[in-house]
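Each chain gets a letter, A, B and so on, in the order its sequence line appears, and its residues count up from 1. Since this is a predicted model, take the numbers as computed values, not measurements.
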Amino acid sequence: MKMTNLELAELLRRIAAAYEILGENRFRIIAYTRAADSIEHLTSELKDYWDNKRLREIPGVGDMLAGHIDEMFRTGHSKHFDSVMAKLPTSIYPLLLVPGIGPKKAYKLVTVLKLKNEKTVISDLEHAAKKHKIAPIEGFGEKSEELILSNIAIYRKGQIKENRMTLPVADGIAADIIAFIRRVPSVKRVDVLGSLRRQVATIGDIDIAVATANPKEVIAHFVAYPHQEIIEEGPTGASLRLHNGRQVDLRVQKSGRYGAMLQYFTGSKNHNIALRSFALSKGLSLSEYGIKHVRTGKIDTYATEEAFYNALGLPYIPPELREDKGEIQAAIRGSLPKLVDIKDVMGDVHLHTDYNLEPSHDLGMDSFTALLDRAAELHYEYIGLSDHNPSITNHSEKQIVAIMKRRKEYYEQQYSSWEKKTHKRVKYVLMCEVDILPDGKLALSDAALEYVDAVIASVHSSFTQERRIVTKRIVRAIESNPKVRILGHPTGRLLSKREGIDADWGEVFRACKTHDIALEINSYPDRLDLPDTLVFDAIKSGLRFCINTDSHAADHMNLMQYGVSVARRGWATKDDIVNTLSYNKFKSWLLKGA
DNA sequence: GCCGTTTTCGGCCCGACTGTTTTCAGTCG
């Protein structure tokens, strides 16, 4: 039976909700919810786990759930799931998507108001609220009735689009506000919190923490920042909606308690849950205020996060790792990875210049020498020229070979005059970003590839191919010429615009490992590709990465930090990244196939 | 129903907010 991860996660959430209504053991409910989260965030298809009899390896899936899921795949049903679902009307489930309505309220509303139609239940509820049929229900009242109406409106808005920001957009907004906040003399520290601090690929709201002895003054100043609406203003913080529609939350704390607050609001939620669970085993209870000794009730406070983690007997855990992917266990064992840092990066080898080789895709905007100058500013040892291949539809094979030959000569000449003129020391490698055609062939012949040192092979078309086909396609491209050294933006995703390809990543990774191919971590903020979760998986497969900016202008070269963040979120160390190598070592790795 | 610094049994995160309630239940992050 075909069943996606999302579908099964949704089913498990429904079972959890049903259990809640039925008064099941609350830990069983938590277990189902946990399993749902875990399955939703898997980077491989559940079916692959099932095929390989590895369901039990999924965190949160034990013998019991693995049995039910197995039954689903074999027969299309699970007797157990069906029997639970049969006990309750299906019209409760859509209501759970409305903010403020959980399982208990949904059940009460559905039964008392006799809302039976799953398809229309939200409109039916809205109708009932307007007719004041909700206020009289036990446990509800006037306010609940109004709240339901406004929350249905919010739900409908949310349905239209989930509008998240890329990292530089969020960084820009945060930087401006932070500069504004710093004007208050009593401000001791300012940090971003939440997903922005953890450098998640897309950001919803912006959260900011301030340490100060004078919270009142800081909050009063903050709400004077240009805004559309003050959503909330209280003694410990405030929330604004900006003119661009973005929400910004401020949290204020005294310096002595700042560490616990920073830790708490950086999250992730799952990291905090796991951390509190660990703390409890030591008789300690964690909160945003500090660490409480359960036996005595005494609360210790912490000025820094380091001190907070150390008090639990753990080393500092970098924010990028706080996703409950085993970082606490690693911290306990003392085996946290020493994450790669932007300063480790020695070169950027996916750059497009304005040299017109009549390419298949867009040219860069700046010259080779402009990129060399920028590389020198960034203290790189080397760059890689990776223009798109010449268009294959507009040229003959002979023309393409001639173009590639001319290109090589052009860059050689440009480089030598730049070097003489500036005496700067940046080296370059001559590469090419070559399309992986729908059948897995490269868009450049072996003859044309004589004129490059190495190839970044990338998918730029046919993104919706079936998994088996697209997997074979990539493997074929990797094996087609030994000059292929890097797999460019492997999934092809564009954040909030296009899903990536649906490949069997395990198989792609095996092929990359066999041929010592590096996976690109593309730093361009709309891509961030390979995604961090796949970086994490690929490292386990023993792969290495090349962090590139895919710059089409010199300014884009400054986006390297975002690719480094992806690498860090995937637990990458310096040794996992090929472009942390010195020029000589990098080049000898790159030229292995030449 | 899951899972393990030691635990294969006995635990399982914490606090805020809201609205309905006279001490709490439900929901959320």
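Using a 4.0 Å cut-off between charged nitrogen and carboxylate oxygen, Arg14(A) and Glu118(A) count as a salt-bridge pair. Ion pairing between a basic and an acidic side chain is recognised when a charged N comes within 4.0 Å of a carboxylate O; Arg189(A) and Glu305(A) show no such pairing. Comment: Glu40(A) engages Arg13(A) in a salt bridge, judged by a side-chain N to carboxylate O separation of less than 4.0 angstrom.
Residue Leu280(A) places its side chain closer to dC14(B) than to any other of dC14(B), dG15(B), dG1(B). Nearest to the side-chain atoms of Tyr289(A) among the listed nucleotides dA16(B), dG1(B), dC14(B) stands dA16(B). Each of dG1(B), dC14(B), dC3(B) was ranked by its minimum atom distance to the side chain of Ala31(A); first place goes to dG1(B). When distances are taken from the side chain of Pro103(A) to each of dC14(B), dT27(B), dT20(B), the shortest belongs to dT27(B). Nearest to the side chain of Lys104(A), among dG19(B), dT27(B), dC14(B), sits dT27(B). The side chain of Glu288(A) sits closest to dA16(B) out of dG1(B), dA16(B), dT20(B). Closest approach to the Asn25(A) side chain among dC14(B), dG1(B), dG29(B) is made by dG1(B) (side chain taken as heavy atoms from C-beta onward). Side-chain atoms of Ser277(A) lie closest to dC12(B) of the nucleotides dC12(B), dG15(B), dG1(B).
For dT20(B), the base adopts the anti conformation, since its glycosidic angle falls more than 90 degrees from zero.
At the heavy-atom level, Ile101(A) lies under 4.0 Å from the strands shown only through sugar-phosphate atoms. Across all strands, Phe265(A) comes closer than 4.0 Å to no nucleic acid atom at all (heavy-atom distances). Heavy atoms of Ile273(A) sit under 4.0 angstrom from at least one base atom. Across all strands, Ile29(A) comes closer than 4.0 Å to no nucleic acid atom at all (heavy-atom distances). Residue contacts for Glu142(A): at a heavy-atom cut-off of 4.0 Å it reaches the sugar-phosphate backbone alone, with no base atom in range. His271(A) comes within 4.0 angstrom of nothing in the nucleic acid, heavy atoms only. Residue contacts shown for Leu275(A) are absent, as no nucleic acid heavy atom lies under 4.0 Å away.
Computed from coordinates, the Glu57(A) CD to dC2(B) P distance equals 15 Å when rounded to whole Å. The separation between Phe140(A) atom CZ and dA25(B) atom C1' is 11 Å, rounded to whole Å. One can place CD1 of Ile291(A) at 14 Å from C1' of dC14(B), the figure rounded to the nearest angstrom. Between the C1' atom of dG26(B) and the NZ atom of Lys108(A) lies a distance of 12 Å, rounded to the nearest Å. If you measure from atom NZ of Lys143(A) to atom P of dA25(B), you get 21 Å, rounded to the nearest angstrom. As a whole-Å value, the separation of Arg56(A) CZ from dG1(B) C1' is 11 Å. Here the P atom of nucleotide dT6(B) and the NZ atom of Lys282(A) are 13 Å apart, to the nearest Å. Going from atom CG of Asp37(A) over to atom C1' of dG29(B) covers 13 Å, rounded to whole Å.
Nearer the 5' end of DNA chain B, as judged by each residue's closest nucleotide, is the contact made by Leu314(A), out of Leu314(A) and Ala106(A). Between Gln329(A) and Gly139(A), the residue anchored closer to the 5' end of DNA chain B is Gln329(A), taking for each the nucleotide with the nearest heavy atom.
With contacts defined as side-chain heavy-atom distances shorter than 4.5 Å, the pair Glu323(A)/Asp532(A) does not qualify. The side-chain heavy atoms of Thr491(A) and Trp505(A), taken from C-beta on, include a pair separated by under 4.5 Å.
Comparing dT18(B) with dT23(B), their C1' atoms sit 15 Å apart, to the nearest whole Å. Taking atom C1' in both dG26(B) and dT20(B), the straight-line distance is 11 Å, to the nearest Å. Taking atom P in both dT27(B) and dT21(B), one finds a spacing of 15 Å when rounded to whole Å. The gap from the C1' atom of dT7(B) to that of dC12(B) amounts to 13 Å, rounded to the nearest Å. dG1(B) and dT8(B) are spaced 14 Å apart, taking the C1' atom of each and rounding to whole Å.
In this entry dC2(B) has dG11(B) as its Watson-Crick or G-U wobble partner, both defining distances falling under 3.5 Å.
Closest of all the heavy-atom pairs between Ser186(A) and Asn214(A) is OG-CB, 3.7 Å.
Remark: the Tyr264(A) side chain and the dG29(B) base include a donor-acceptor N/O pair separated by less than 3.5 Å.
At dG19(B), none of the side-chain N or O atoms of Ser144(A) fall inside 4.0 Å of OP1 or OP2 (strictly under the cut-off).
Judged by the 6.0 Å distance and 45° axis criteria, Lys188(A) is not positioned over the aromatic ring of Tyr258(A).
Glu20(A) and Tyr107(A) share no donor-acceptor pair across their side chains, judged by distance under 3.5 Å alone.
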